[in-house]
Amino acid sequence: MKQFTLNNFVRKNILALQPYISFRDHNEFNVPILLDANESPFGECNRYPDSTQKILKNRLSELKNISPNQIAVGNGSDELIDLIIKIFCEPKKDSILMMNPSFAMYGFYATINENTVLKLDLDKNFQIEKEEFLKITKENKPKIFFLCSPNNPTGNSVEDIEFYIQNFDGIVVVDEAYIEFSNQKSSLELLDKYSNFIVLQTFSKAWGMAGARVGMAYASEEIIKLINTVKAPYNVNSLSQELVLNAIDKQDQFNQNLEDIFKEREWLKNEFENINCIKKVFPTDANFFLIEFENVEKVYQNLLDKEVLTSKRTPQIPNCIRINIGNREENMQLITVLKNI
Ligand code: PMP
């Protein structure tokens, strides 16, 4: 593997900055009378949140067996995607690489930052073609490769992730938003081995807390320091920090919910086998199915007429709809509509 020197990849203006830590959090004064931050003395939510998210990071550190200095917390992983692009990609000059099809937000934030978005077409099994990856990285030298596994919207896990980390001259972001639904091992265990990559996880999917907007980046201490430097000081509100801490303490509930999703996934998979309008159900490691239909427009409209909203992927993936796993009642409604088409 090539020698990786982080500072060669960071935008110069960002290298010159120090993280903003509020006066209170910086000094950790433990006094009861707080007149330092122009807050109100009244109200339930009158104090600013901890800008360093210390308690949450310590708890995540125990949960993931990783140093708190290797964790950044964002307003959903969406925010972290945006920040990572800002750190490494010079506007109008640099490019990012993403799988195609994959999660649209990588391209969205790169475009806002005025970076070129390079797309790596997946093969018929939705895997990356290594030759193509090597070619495009050599020719275009993208700064970041967003590798989504399990991938949204295809549902499959990417094989041989380490190969891409080893062979990319820049930062590889492994987006593990759906990792809890997969048999695949998290790439977190590779963090000791490589310094050019970041793992993203979220409380939005398996933890059932999309509304709280809490996502994590795990990386080297140097990368985490950069993320903390560019983030808004109070990017994760205090209610969300508390909600997530409570959820982590209810591990049994988390396990039960995950079990229920697995059960529903199996149930749906079996039900799909007897439905005529379905052409193909793609294998999934996530909490959704990508399904190819004979007549996608008709299926989508019929579902909508019966108050079931799904995610049509045409024309990106022709004839396909992405459908996420609901509770039994919702899944039954889905199956009933599909059976009647
Ligand atoms: N990554 C992937 C692959 C996703 O599908 C999503 C949500 N659809 C996200 C990240 C964003 O997650 P969050 O809610 O943490 O911003």
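Remember, it's 1-based here, ligands and their atoms both numbered in the order they're listed. Worth saying up front: this structure is predicted, and the values here are computed from it rather than measured.
Listed by atom number, the atoms of ligand 1 under 4.0 Å from R213 heavy atoms are 13 (P), 14 (O), 16 (O). Ligand 1 places these atoms under 4.0 Å from at least one heavy atom of C148: 3 (C). Counting atoms of ligand 1 from 1 in the listed order, those under 4.0 Å from a heavy atom of Y178 are 3 (C), 4 (C), 5 (O), 8 (N). Residue contact check: S204 has heavy atoms under 4.0 Å from atoms 13 (P), 14 (O), 15 (O) of ligand 1.
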* Could you check E297 against K312 for side-chain contact (heavy atoms from CB on, under 4.5 Å), going step by step and ending with a plain yes or no? => CA-CA 8 Å; E297 296 300 331; K312 199 166 35 158; 3.2 Å; yes
* Evaluation steps, side-chain contact (heavy atoms from CB on, under 4.5 Å), between V173 and I171 -> CA-CA 6 Å; V173 177; I171 303 289; 4.2 Å; yes
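Contact between K205 and ligand 1 is present, with at least one heavy atom of the residue lying under 4.0 Å from the ligand.
For atom 6 (C) of ligand 1, the nearest protein heavy atom (residue, atom name, distance) is F103 CZ, 3.4 Å. The closest protein non-hydrogen atom to atom 1 (N) of ligand 1 is D175 OD2, 2.6 Å. Distance from atom 11 (C) of ligand 1 to its nearest protein heavy atom, with residue and atom name: D78 OD1, 3.3 Å.
With a 4.0 Å cut-off on non-hydrogen atoms, N152 touches ligand 1 through its side chain and not its backbone. Contact annotation for S77 and ligand 1: heavy atoms of both the backbone and the side chain come within less than 4.0 Å of the ligand.
Aromatic ring orientation, F133 versus Y164: perpendicular (interplanar angle above 60°, classes split at 30° and 60°).
A salt bridge is absent between D260 and R328; no separation between the charged side-chain nitrogens and carboxylate oxygens falls under 4.0 Å. Between E39 and R24 a salt bridge is recorded (basic side-chain N to carboxylate O distance below 4.0 Å).
The two atoms that bring I96 and C89 nearest to each other are CG2-SG, 3.7 Å, heavy atoms only.
Taking the centre and axis of the six-membered ring of F163, the NZ or CZ atom of K130 falls inside the cone set by 45° and 6.0 Å.
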